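Please read the structure below before turning to the comments.
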2 protein chains.
Amino acid sequence: MPHRNQMPAPQPTLRRLPGYFRFLQTLAEAGETTVSCTSIAKALHLDPTGVRKDLAFTGIIGKPRVGYSLLELRDAISSFLGWDDIREAVLVGTGDFGRALLGYELFRERGVEIVAAFDVAPDLVGQKVRGKEVLALDALGDTIRTRQIPIGIITTPAAAAQGVADTMVEAGAKAIWNFAPAVLEVPEHIILEHVELVASLAVLSSKLAVRASAE
Amino acid sequence: MPHRNQMPAPQPTLRRLPGYFRFLQTLAEAGETTVSCTSIAKALHLDPTGVRKDLAFTGIIGKPRVGYSLLELRDAISSFLGWDDIREAVLVGTGDFGRALLGYELFRERGVEIVAAFDVAPDLVGQKVRGKEVLALDALGDTIRTRQIPIGIITTPAAAAQGVADTMVEAGAKAIWNFAPAVLEVPEHIILEHVELVASLAVLSSKLAVRASAE
DNA sequence: GGAATATCGAGAAAACGGTATCGATAAATC
DNA sequence: GATTTATCGATACCGTTTTCTCGATATTCC
Ligand SMILES: NC(=O)c1ccc[n+]([C@@H]2O[C@H](COP(=O)([O-])OP(=O)(O)OC[C@H]3O[C@@H](n4cnc5c(N)ncnc54)[C@H](O)[C@@H]3O)[C@@H](O)[C@H]2O)c1
Ligand SMILES: NC(=O)c1ccc[n+]([C@@H]2O[C@H](COP(=O)([O-])OP(=O)(O)OC[C@H]3O[C@@H](n4cnc5c(N)ncnc54)[C@H](O)[C@@H]3O)[C@@H](O)[C@H]2O)c1
């Protein structure tokens with residue numbers, strides 16, 4: 001194996017890795033110690049050689065006839081994805097959706113901990129939601145700055161998203177995870193990940209529409 | 001333009017179309033009547049010729065030097081994605097996440113209406129959540145069957161997801177929108193769309209990890 | 001009315017990701 | 001110890017998606 005890292009994994013690979021991790025986790029809990037590409041591929045409905053390519057990015061090498069060391073592989077994925085050390089995040093927009101994210105424990109296990117929530121609604125500010133304190137929007141910049149928080153999560157209405165993003169960037173956040181249906185303008189060096197649920201729904205509906213018209 | 005339709009649009013195109021739609025909507029509200037690929041591309045940070053190719057799938061043709069008719073294009077996207085007639089959906093798992101989806105009005109505007117929610121928790125059953133009645137899980141199959149509901153949304157814990165999916169399929173649902181972190185086994189002909197938030201987070205964290213190690 | 005220009009549409013080329021093939025090797029079997 | 005077999009790793013292939021290039025055309029401006 002030559003000098004790894006440096007070459008970043010393609011995005012489709014990154015998106016599959018959590019699935020591998022979850023599967024390996026269940027195998028580990030079942031007491032297994034090794035695992036083959038073939039078995040992973042079968043369980044996840046993927047191509048074995050594709051799985052092998054993905055796993056190669058983590059730097060782990062397997063043994064013919066045996067497969068990979070289960071724990072070694074799992075931990076390699078975890079560290080490759082940056083799940084080993086926990087990064088702090090703030091969430092802005094403590095509505096229904098933001099609340100769901102606040103209460104989702106899995107994020108912490110995946111290296112991201114939401115440490116504070118923000119909102120403009122006076123009746124929310126000062127409350128605790130899912131164990132996290134809701135602060136006034138005014139305090140957003142200072143909180144990010146003084147605690148050096150790298151991740152900002154946006155779950156405000158779309159109209160407010162750009163302003164929130166600007167504050168986050170200005171305060172030094174390095175990555176933004178945006179759930180609002182808005183195109184955000186951020187500087188080149190900011191990592192921006194936009195989750196567009198409606199896009200996923202569009203794939204589903206259009207398949208359904210094709211199917212319906214075929215009948 | 002030859003016989004359109006028949007050839008399904010590639011998935012990346014489908015995922016971009018909602019973004020175009022949203023942008024066109026804002027232009028329409030601003031009183032514009034035509035729009036060019038160039039302007040769309042600039043606003044959404046995409047390649048103009050790529051945008052042109054995407055739009056071609058809707059069957060709309062533009063005029064040189066002018067662009068496309070804004071409303072015509074917007075409506076073509078809407079109908080192409082199957083947003084014109086509303087399809088009914090049921091949601092299973094009325095927890096924090098399910099509740100957020102239940103209250104999200106945008107889905108209805110995008111052709112999907114959640115008509116009922118289901119849960120196993122006795123204190124939830126019988127309640128109204130976000131204006132929708134929560135029914136007992138036992139009633140799931142019958143509801144789908146008698147009302148011919150095409151879409152099932154799964155927001156239960158991962159462990160319960162497969163069982164819920166089985167019930168949905170058995171009752172005649174045509175598409176499943178799954179938010180639980182589980183690999184679902186469904187028959188070939190079922191449309192399955194899996195939203196894995198952790199995969200999106202993985203892209204973000206790994207970029208952050210790369211960035212951190214580069215410093 | 002003619003020249004200039006922005007924009008579309010179509011087809012070619014390139015890049016990317018996914019799939020298949022093949023040799024190598026470690027374990028298992030005989 | 002030789003043979004068989006499962007599995008890895010590398011390479012080559014293929015399809016899809018993106019990017020590039022070109023010609024056509026409607027509008028604008030002179
Ligand atoms: N609910 C869903 O299922 C869902 C799904 C996908 C995307 N989204 C998107 O997520 C966002 C939130 O959705 P929701 O359903 O939770 O809406 P919501 O109305 O329940 O919550 C929005 C919250 O943001 C707060 N807010 C408004 N302006 C703000 C500002 N400038 N700064 C800080 N906070 C502000 C509001 O007080 C409110 O608490 C929306 O953009 C929505 O489109 C929601
Ligand atoms: N909360 C989030 O931000 C988030 C994000 C991504 C994915 N998810 C996934 O969405 C799912 C729900 O998350 P949540 O945070 O709402 O959890 P939750 O615990 O708040 O809600 C789960 C709900 O499902 C119900 N339930 C349990 N078993 C059921 C069954 N067999 N049939 C019907 N209902 C059943 C429970 O009573 C509960 O109301 C989980 O799989 C979670 O991993 C959640």
Side-chain angles (χ1 to χ4, degrees), chain A residues 1-4 7-17 19-20 23-24 27 32-70 72-74 76-77 199 202-203 206-207 210, chain B residues 1-17 19-20 23-24 27 32-70 72-74 76-77 199 202-203 206:
Chain A
M1 156 85 14
H3 43 285
R4 27 168 335 288
M7 175 170 141
Q11 180 149 327
T13 294
L14 290 176
R15 302 188 73 89
R16 282 187 296 267
L17 286 173
Y20 302 150
F23 178 64
L24 297 180
L27 286 189
E32 299 287 325
T33 58
T34 60
V35 66
S36 73
C37 284
T38 341
S39 57
I40 298 178
K42 202 170 295 170
L44 274 59
H45 301 133
L46 296 169
D47 182 78
T49 85
V51 174
R52 215 170 289 136
K53 264 189 177 159
D54 288 341
L55 297 183
F57 281 98
T58 67
I60 290 299
I61 57 176
K63 279 200 289 195
R65 181 74 206 220
V66 176
Y68 300 88
S69 156
L70 181 50
E72 203 185 348
L73 183 56
R74 185 197 61 183
I77 293 176
V203 175
S206 86
K207 284 184 187 169
V210 168
Chain B
M1 156 84 14
H3 43 285
R4 32 166 321 288
N5 216 346
Q6 208 60 336
M7 177 170 142
Q11 179 147 328
T13 294
L14 290 176
R15 301 189 73 90
R16 281 187 296 265
L17 286 174
Y20 302 150
F23 178 63
L24 298 179
L27 285 188
E32 301 286 327
T33 59
T34 59
V35 65
S36 73
C37 283
T38 341
S39 58
I40 299 178
K42 204 171 295 173
L44 274 59
H45 302 131
L46 295 169
D47 180 75
T49 85
V51 173
R52 213 172 289 137
K53 278 215 162 115
D54 287 341
L55 298 182
F57 280 99
T58 67
I60 291 299
I61 57 176
K63 281 201 286 198
R65 181 75 205 223
V66 177
Y68 301 88
S69 155
L70 183 49
E72 203 186 345
L73 183 56
R74 185 198 59 181
I77 293 176
V203 175
S206 85

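Everything numeric in this text was worked out from a predicted model, so none of it was measured. Just so you know, these numbers use all the heavy atoms, side chains as well, and skip hydrogens, waters and symmetry mates.
When rounded to the nearest whole Å, the span between OH of A:Y68 and C1' of C:dT25 equals 14 Å. What separates CD of A:Q11 from P of D:dT17 is a distance of 16 Å, to the nearest Å. Atoms CG (A:L14) and C1' (C:dC16) sit 15 Å apart, rounded to a whole Å. A:I60 places its CD1 atom 15 Å from the C1' atom of D:dG9, with the value rounded to the nearest Å.
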Any protein N or O atoms within reach of nucleotides 18-20 of chain D? Criterion: under 3.5 Å, listing atom names and distances.
| residue | atom | partner | partner atom | Å |
| --- | --- | --- | --- | --- |
| D:dT18 | OP1 | B:R16 | NH1 | 2.8 |
| D:dT18 | OP2 | B:R16 | NH2 | 3.0 |
| D:dT19 | O4 | B:K53 | NZ | 2.4 |

Below 3.5 Å between N/O atoms, which protein atoms pair up with nucleotides 22-30 of chain D? Just atom names and distances, please.
none

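Judged as a side-chain hydrogen bond (donor to acceptor under 3.5 Å, both in side chains), and not counting sequence neighbours, the contacts of B:Y20 are B:D54. Looking at residues two or more places apart in sequence or on another chain, you find no salt bridge (Lys or Arg N to Asp or Glu O under 4.0 Å) involving A:R74. Listed by chain and number, the residues in a side-chain hydrogen bond (donor to acceptor under 3.5 Å, both in side chains) with A:S39 are A:S36 (sequence neighbours excluded).
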Inset, instruction - Determine, stepwise, if the pair A:L55 / A:I77 fulfils side-chain contact (heavy atoms from CB on, under 4.5 Å). - result: CA-CA 8 Å; A:L55 297 183; A:I77 293 176; 4.3 Å; yes
Inset, instruction - For B:I40 and B:L46, run side-chain contact (heavy atoms from CB on, under 4.5 Å): C-alpha distance rounded to whole Å, both residues' side-chain angles, the deciding distance at 0.1 Å, then the answer. - result: CA-CA 8 Å; B:I40 299 178; B:L46 295 169; 6.0 Å; no
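The closest side-chain heavy-atom distance from A:Q11 to A:R16 is not below 4.5 Å. Proximity of A:L70 to A:T34: side-chain heavy atoms (C-beta onward) are nowhere separated by under 4.5 Å. Using a 4.5 Å cut-off on side-chain heavy atoms (C-beta onward), B:P8 and B:F57 make no contact.
Sorted pairs that involve residues 40-52 of chain A and meet salt bridge (charged side-chain N to carboxylate O under 4.0 Å, His left out), not counting sequence neighbours, are lacking altogether.
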Show me, pair by pair, the donor-acceptor contacts under 3.5 angstrom made by side chains of residues 59-69 of chain B, not counting sequence neighbours?
| residue | atom | partner | partner atom | Å |
| --- | --- | --- | --- | --- |
| B:S69 | OG | B:E72 | N | 3.4 |

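When the local axes at the two ends of the helix from C:dG1-D:dC30 to C:dC30-D:dG1 are compared, using 5 base pairs at each end, they differ in direction by 10° after rounding to 10°.
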